[in-house]
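Everything on this sheet refers to the single structure shown next.
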Amino acid sequence: MNRPSAANLPYKLPPRLFSARCKACWFTAALIALVITSFWSLDLQWGQFFSLDAARSMGRFLAEFFPPDTSREFLIKVAIGSWETLAMSALGTVLAAVAGLALALPASRLFDGDSAWARTPTRLVLNVLRSIPELVWAALLLISAGLGPFAGTLALALHTTGVLGRLFAEAIENAPPGPGTALRTHGVSNVRVFLYATLPQVVPQLMSYTLYRWENNIRAAAVLGVVGAGGLGQLLAFHMGLFQMNKTATILGAMLLMVAVVDAASHGARRWLTH
């Protein structure tokens with residue numbers, strides 16, 4: 001005979017904020033301690049930063065940006081630099097997507113029981129590629145490729161290959177194994193299993209990652225010109241070095257406009273791919 005259940009279920013107390021057995025609690029405590037130690041160890045002059053003299057100096061500096069240079073000759077030069085920056089980011093991202101997918105295959109375990117003997121060394125290569133910033137890659141490649149957008153494009157491609165290769169490998173490993181297992185039981189080769197089962201499942205995710213990295217590469221390409229890798233960054237470094245702030249304001253405006261347009265287009269494309 002079943003006993004009648006109580007009308008009101010017993011009240012369950014919420015878990016404690018900190019528990020000695022909770023790994024996440026210890027991690028959060030260590031992270032908070034690191035942040036506090038960082039504030040304590042760095043000589044941050046907050047009072048000087050928010051002082052009236054600092055505000056006046058910043059106001060005088062910002063006033064030098066107005067009015068921006070809108071002469072026809074300079075706007076044409078800025079438009080050419082914007083197109084060069086856009087081309088660098090697009091070509092660098094495409095090269096990185098192709099190379100990243102090629103490296104993601106040996107860097108991932110395609111199915112349970114796969115020996116994946118190249119997984120560790122390939123992931124080490126990907127770690128090296130993405131651990132070196134784009135600016136450092138560009139400075140190194142300027143020696144062999146010379147000044148201009150070629151070195152910047154290669155720098156973006158190398159760094160982004162490391163990022164996309166790792167993301168692609170994780171997406172491939174996390175793909176649902178059902179379709180691939182069904183094909184393997186019928187004797188289908190691993191190459192055809194990847195092309196007809198795994199790849200169609202992860203293509204929207206791969207495209208989303210690629211478009212997001214393209215957004216980041218637009219910003220990176222605009223900065224790479226500071227070391228002589230072409231594009232708007234090279235114009236920015238040149239005119240800032242000459243303290244021509246009205247021209248600098250025009251270049252910064254072009255950067256903001258280009259990044260906003262690419263961000264909006266990329267966001268729309270990602271939503272279209274994922275829905």
- Query: Between OG of Ser89 and CZ of Arg213, what distance do you get to the nearest 0.5 Å?
  - Reply: 11.5 Å
- In terms of side-chain heavy atoms, does Asp69 have a donor or acceptor partner in Ser71 at a distance below 3.5 Å? yes
- Task: Could you tell me the separation between the CZ atom of Arg219 and the CG atom of Leu224, rounded to the nearest 0.5 Å?
- Result: 13.5 Å
- Side-chain touch Leu156/Thr93, heavy atoms, less than 4.5 angstrom: no
- Report the C-alpha distance between Leu141 and Leu158 in whole Å, list the side-chain angles of each, state the deciding distance to 0.1 Å, and finish with yes or no for side-chain contact (heavy atoms from CB on, under 4.5 Å). CA-CA 11 Å; Leu141 290 168; Leu158 287 172; 4.0 Å; yes
- Message: To the nearest 0.5 Å, what is the distance between CD on Glu134 and CG on Leu154?
- Response: 13.0 Å
- Do you reckon Leu129 sits in the same ILVMFWY cluster as Leu206, going by side-chain contacts under 4.5 Å, direct or chained? no
- Task: Might you confirm whether atom CZ of Phe65 has over 12 heavy atoms from other residues, nucleotides or ligands at distances under 6.0 Å?
- Result: yes
- Item | Shortest non-hydrogen contact between Ser108 and Ile172, atoms and distance | OG-CG2, 3.7 Å
- Message: Does Phe150, at its CZ atom, have more than 12 non-hydrogen atoms belonging to other residues, nucleotides or ligands within less than 6.0 Å?
- Response: no
- Task: Using the side-chain contact (heavy atoms from CB on, under 4.5 Å) rule, take Trp214 and Leu86 through it: C-alpha gap first, then chi angles, then the decisive distance, then the call.
- Result: CA-CA 10 Å; Trp214 183 36; Leu86 184 64; 3.9 Å; yes
- Passing option when His239 is tested against Lys247, Gln234, Gln244 for side chain to side chain donor-acceptor pair (under 3.5 Å): Gln244
- Closest non-hydrogen contact found for Leu126 with Gly165 is CD1-C, 3.7 Å
- Item | Within one Ile-Leu-Val-Met-Phe-Trp-Tyr cluster: Tyr209 and Leu95, side-chain cutoff 4.5 Å | no
- Task: Over all heavy atoms of both residues, which pair between Arg123 and Ala169 is shortest? Give the atoms and the distance, please.
- Result: NH2-CB, 3.9 Å
- Answer yes or no: is there a side-chain heavy-atom contact under 4.5 Å between Leu164 and Tyr212? no
- Message: Check whether Ser41 reaches the backbone of Ser38 with its side chain - one donor and one acceptor, N or O, closer than 3.5 Å.
- Response: yes
- Distance-minimising heavy-atom pair for Thr161 and Ala96: OG1-CA, 3.3 Å
- Message: Please determine whether residues Phe168 and Met207 belong to a single hydrophobic cluster, defined as Ile, Leu, Val, Met, Phe, Trp and Tyr linked transitively by side-chain heavy-atom distances below 4.5 Å.
- Response: yes
- Linked, directly or transitively: Met258 and Leu236 (ILVMFWY side chains, under 4.5 Å): yes
- Query: Out of curiosity, does Leu256 fall in the hydrophobic cluster containing Leu75 (side-chain heavy atoms, cut-off under 4.5 Å, transitive links)?
  - Reply: no
- Query: Who pairs with Glu64 by salt bridge (charged side-chain N to carboxylate O under 4.0 Å, His left out), at least two apart in sequence or on another chain?
  - Reply: none
- Query: With distance as the sole test, does Thr85 use its side chain to make a donor-acceptor pair with the main-chain N or O of Leu232 at under 3.5 Å?
  - Reply: yes
- Donor-acceptor pair, side chain of Ser208 and main chain of Gln205, under 3.5 angstrom: no
- Task: Nearest 0.5 Å please: distance from the CD atom of Gln201 over to the CG atom of Asn174.
- Result: 11.5 Å
- Ignoring hydrogens and geometry, is there a side-chain-to-backbone donor-acceptor pair from Thr122 to Arg119 under 3.5 Å? no
- Message: So, taking the atom named CG in Leu252 and the one named CG in Leu235, what distance separates them when rounded to the nearest 0.5 Å?
- Response: 11.5 Å
- Taking only Lys NZ, Arg NE, NH1 and NH2, and the carboxylate oxygens of Asp or Glu, determine whether Arg166 and Glu170 approach each other closer than 4.0 Å. yes
- Query: So how far is it from Trp137 CH2 to Thr160 OG1, rounded to the nearest 0.5 Å?
  - Reply: 11.5 Å
- Task: Quick one: closest heavy-atom pair of Met88 and Gly152, and the distance?
- Result: CE-CA, 3.8 Å
